[in-house]
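One structure is given below, encoded as structure tokens.
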Amino acid sequence: MSGEAIFVSGIDTEIGKTVVTGWLARQWIEQGREVITQKLVQTGCVGASDDILLHRRLMGCGLFDEDRDGSTMPALYAYPASPHLAARLEGRALDLDAIAAATARLRARYGTVLVEGAGGLMVPLTEQLLTIDYVARQGWPVILVTSGRLGSINHTLLSLEAIAARGIALHGIAWNSRDDGSDEVIATESRRYLRECMQARFPRARWYDVPVLALD
């Protein structure tokens, strides 16, 4: 019997998906769950996924065999752009079947696979396919990463509208305290407002408060 896959996305790029994915994996492992993380597509790197390496640091562990064989980082591109553009610039199409096969291998070995996306939900994987539509095809629930930066309410609500419109389950919202910005009043109100919105519209979803983590 295969394990579950949960997709970790964010309201924007650089919102803290990688930190949240690594932190949450560690929390669940400490609770006795068998967890591994995967980077769906990584751009802006060569040889290995920088995000997977940070996951392992946050999890407090070394590399998995699945890291070494590429299962956790099945698509790497050098140019730091959306996957559809990075793939075009390298002349190497994104192999969605290979990615799906890698995720299936991980699900066969672990109870939970946390799959981190690239950028936000509407990032194009290919010219024809948005990230959110790939996730909908797979039937994965989503953890949405947000924070208290100015504008996060708008971006979060738009992401939730897109999730609901495609019938995707919202596993939860992860509040990345590291990205709260400099205005504590805005951050506090944004957290209150968004948590109440989630509880009203997605009563089965969970709220995760992610602390400020030392990354050095």
Donor on one side chain, acceptor on other, [X] and [Y], under 3.5 Å:
X	Y	result
S147	N176	no
E4	T112	yes
E116	H55	yes

Tell me whether [X] contacts the main-chain N or O of [Y] through its side chain, where contact means a donor paired with an acceptor under 3.5 Å.
X	Y	result
D12	I15	no
R56	L63	no
T156	T146	no
Y77	R92	yes
Q42	D51	yes

More than 12 heavy atoms of other residues, nucleotides or ligands under 6.0 Å from [atom1] of [X]: is that the case?
X	atom1	result
R204	CZ	no
E184	CD	no
R137	CZ	no

Please verify the inter-ring angle class for Y134 with W140; under 30° counts as parallel, over 60° as perpendicular, anything in between as tilted.
perpendicular

Would you call the rings of F64 and Y110 parallel, tilted or perpendicular, taking 30° and 60° as the class edges?
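Ring orientation of F64 relative to Y110: perpendicular.
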
Using a 4.5 Å cut-off on heavy atoms from C-beta on, say whether the side chain of I143 contacts that of I173.
no

When you compare the side chain of R191 with that of W207, does any pair of heavy atoms fall below 4.5 Å?
yes

Could you go through D69 and S71, starting from their C-alpha distance and side-chain angles, then the distance that decides it, and tell me whether this counts as side-chain hydrogen bond (donor to acceptor under 3.5 Å, both in side chains)?
CA-CA 6 Å; D69 70 19; S71 295; 2.8 Å; yes

